[in-house]
Amino acid sequence: GGRPAAGAEAELKALTHAVLKRLKERQLEGLLHAVESRGGARTPCLLLPAKADSRLGQHWYPLPVLLCKVFRWPDLRHCSEVKRLCCCESYGKAHPELVCCNPHHLSRLCELESPPPPYSRYPMDFLKPTADCPDSVPSSTETGGTNCLAPGGLSDSQVLQEPGDRSHWCVVAYWEEKTRVGRLYSVQEPSLDIFYDLPQGNGFCLGQLNSDNKSQLVQKVRSKIGYGIQLTKEVDGVWVYNRSSYPIFIKSATLDNPDSRTLLVHKVFPGFSIKAFDYEKAYSLQRPNDHEFMQQPWTGFTVQISFVKGWGQCYTRQFISSCPCWLEVIFNNR
């Protein structure tokens, strides 16, 4: 099977060369910058004619798919497998004359019809306050209403319930094991980068937080967060894009079948995007007659994201509070 593979590779090289030859010098520079920074730098759109598909063997590839195949995912086959990032000029455009072919303006789609292996199942009861459960995460949303004091003397609930402030759509808390590090980060912009270090980072920089955690594992995982994740509020829900070089693990009430009694923890590989929160599904999960559920502080909905390390039945860590570095995203449902 070596010869056909080698032939296909040579064909791919020749085709890529033909495409690159058509680019202007500035376009080439932008593409090179995007590829060399692995998407860490902000690079312009690479706009090329949308109709210019390229033939490779028996297959026709749209140019964005071809360049993603060459520079990011050799196994990519079809444009339905990728999702455009909202920073891109071609985002949301149905039939543009010019389409962006910058491979780092796209992410690979994490399809839930065939989810990554279920790393763990959690009872749906996690949606209710669990103050009586000693092993539960001692997090802001799950302690049945007890507030940790945020730096500056305001309690977290005051930060979230300022009467005039309805502009934030979510709040992010960063945790190292059972300890929250830094203050709650209130998110107003539709897109937020959460990272340890990013060449042109603008957002929630975990590297700037003062952590007293001396654990070698925490320090090791912290150093692997790198470009981190991008959290984006879009028309159909909230998406998480894994920009780092390591997997992330996500648990969300809206990622699974609403009839399910248990929740999965999903593994999201580098370069992949997943719809971590779906507003419509969330409202259908909110049962108005369930008073205990409705009395949760702020909102019944959180998404938990662990960097590098998974948790649950297949792991030594049963609870996310044993994970070295993790995030809690608390949604504003007002």
Side-chain angles (χ1 to χ4, degrees), residues 8-113 189-193 198-200 202-203 227 229-243 270-275 278-279:
E9 200 171 309
E11 206 175 334
L12 183 63
K13 270 188 181 168
L15 188 57
T16 309
H17 187 66
V19 171
L20 297 182
K21 262 174 45 179
R22 282 184 253 161
L23 301 185
K24 299 184 176 82
E25 196 175 336
R26 261 199 22 222
Q27 290 179 313
L28 263 176
E29 280 171 8
L31 176 62
L32 184 69
H33 193 24
V35 171
E36 284 184 341
S37 70
R38 291 182 303 106
R42 282 194 206 102
T43 49
C45 286
L46 174 57
L47 296 168
L48 297 174
K51 300 244 179 327
D53 287 4
S54 301
R55 186 176 179 148
L56 186 60
Q58 300 301 306
H59 302 285
W60 288 91
Y61 289 107
L63 285 182
V65 174
L66 178 76
L67 291 184
C68 281
K69 201 174 166 61
V70 172
F71 293 110
R72 294 191 74 181
W73 306 293
D75 62 334
L76 190 65
R77 291 171 182 274
H78 197 264
C79 55
S80 64
E81 296 170 33
V82 289
K83 178 188 182 303
R84 212 163 266 293
L85 301 178
C86 61
C87 64
C88 180
E89 283 179 44
S90 298
Y91 173 79
K93 289 186 180 166
H95 303 288
E97 281 186 27
L98 294 175
V99 66
C100 174
C101 299
N102 183 332
H104 286 277
H105 284 194
L106 291 118
S107 63
R108 195 91 185 251
L109 207 50
C110 205
E111 285 292 351
L112 284 182
E113 284 68 46
E189 298 296 321
S191 187
L192 172 73
D193 289 319
L198 191 60
Q200 290 173 294
N202 183 20
Y227 294 178
I229 63 166
Q230 192 169 66
L231 192 67
T232 312
K233 185 182 185 186
E234 299 184 31
V235 179
D236 60 343
V238 177
W239 286 80
V240 171
Y241 170 42
N242 183 2
R243 303 181 72 176
F272 278 70
S273 275
I274 191 168
K275 196 203 307 187
D278 183 312
Y279 285 97

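By convention here, the first residue in the shown sequence is residue 1. Only heavy atoms go into these numbers, but all of them, side chains included; no hydrogens, no water, no symmetry mates. What you see is a predicted model, and the numbers here were worked out from it, not measured in a lab.
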**Prompt:** Partners of K83 by side-chain hydrogen bond (donor to acceptor under 3.5 Å, both in side chains), sequence neighbours excluded?
**Reply:** E234
**Prompt:** Side chains of P270 and N242: closer than 4.5 Å at any heavy-atom pair?
**Reply:** yes
**Fill in**
Note: Q230 and D193 closest approach over all heavy atoms is NE2-OD1, 3.1 Å
**Asked** How close do P74 and K69 get, heavy atom to heavy atom, and via which atoms?
**Response** O-NZ, 2.8 Å
**Request:** I would like to know whether L48 and R22 meet side-chain contact (heavy atoms from CB on, under 4.5 Å); could you show each step before the answer?
**Result:** CA-CA 9 Å; L48 297 174; R22 282 184 253 161; over 6 Å; no
**V99 vs R84 side-chain heavy atoms within contact, under 4.5 Å** = yes
**Request:** Determine whether L46 and L67 make a side-chain contact, defined as any pair of heavy atoms from C-beta on separated by less than 4.5 Å.
**Result:** yes
**Prompt:** What distance separates K93 NZ from C88 SG, expressed to the nearest 0.5 Å?
**Reply:** 8.5 Å
**Complete:** Note: L106 and C68 closest approach over all heavy atoms is CD1-SG, 3.7 Å
**Prompt:** Closest approach of W73 and V82, non-hydrogen atoms and distance?
**Reply:** CZ3-CG1, 4.0 Å
**From L12 atom CG to L66 atom CG, the distance as rounded to the nearest 0.5 Å** = 6.0 Å
**Message:** With a 4.5 Å cut-off on side-chain heavy atoms, are T43 and H105 touching?
**Reply:** yes
**Prompt:** Got L109 and S80 here, is their nearest side-chain heavy-atom distance under 4.5 Å?
**Reply:** no
**Request:** Of all the heavy-atom pairs spanning S273 and W239, show the shortest one and how long it is.
**Result:** CB-CE3, 4.0 Å
**Asked** Once you round to the nearest 0.5 Å, how far does SG of C45 lie from OH of Y91?
**Response** 13.5 Å
**Asked** Under 4.5 Å between any side-chain heavy atoms of D75 and E81, yes or no?
**Response** no
**Prompt:** Which of these passes side chain to side chain contact (heavy atoms under 4.5 Å, CB included) with C101: P64, S90, P49?
**Reply:** P64
**Prompt:** More than 12 non-hydrogen atoms from neighbouring residues, nucleotides or ligands closer than 6.0 Å to CZ on R42, yes or no?
**Reply:** yes
**Exercise: identify the closest heavy-atom pair between L76 and Y61** = O-CE2, 4.3 Å
**Item:** Rounded distance [0.5 Å steps], CG in L23 versus CG in L32
**Value:** 11.5 Å
**Message:** What's the separation between atom NE2 in H104 and atom CZ in R72, rounded to the nearest 0.5 Å?
**Reply:** 4.5 Å
**Message:** Rounded at 0.5 Å granularity, tell me how far CG in L63 sits from SG in C100.
**Reply:** 11.0 Å
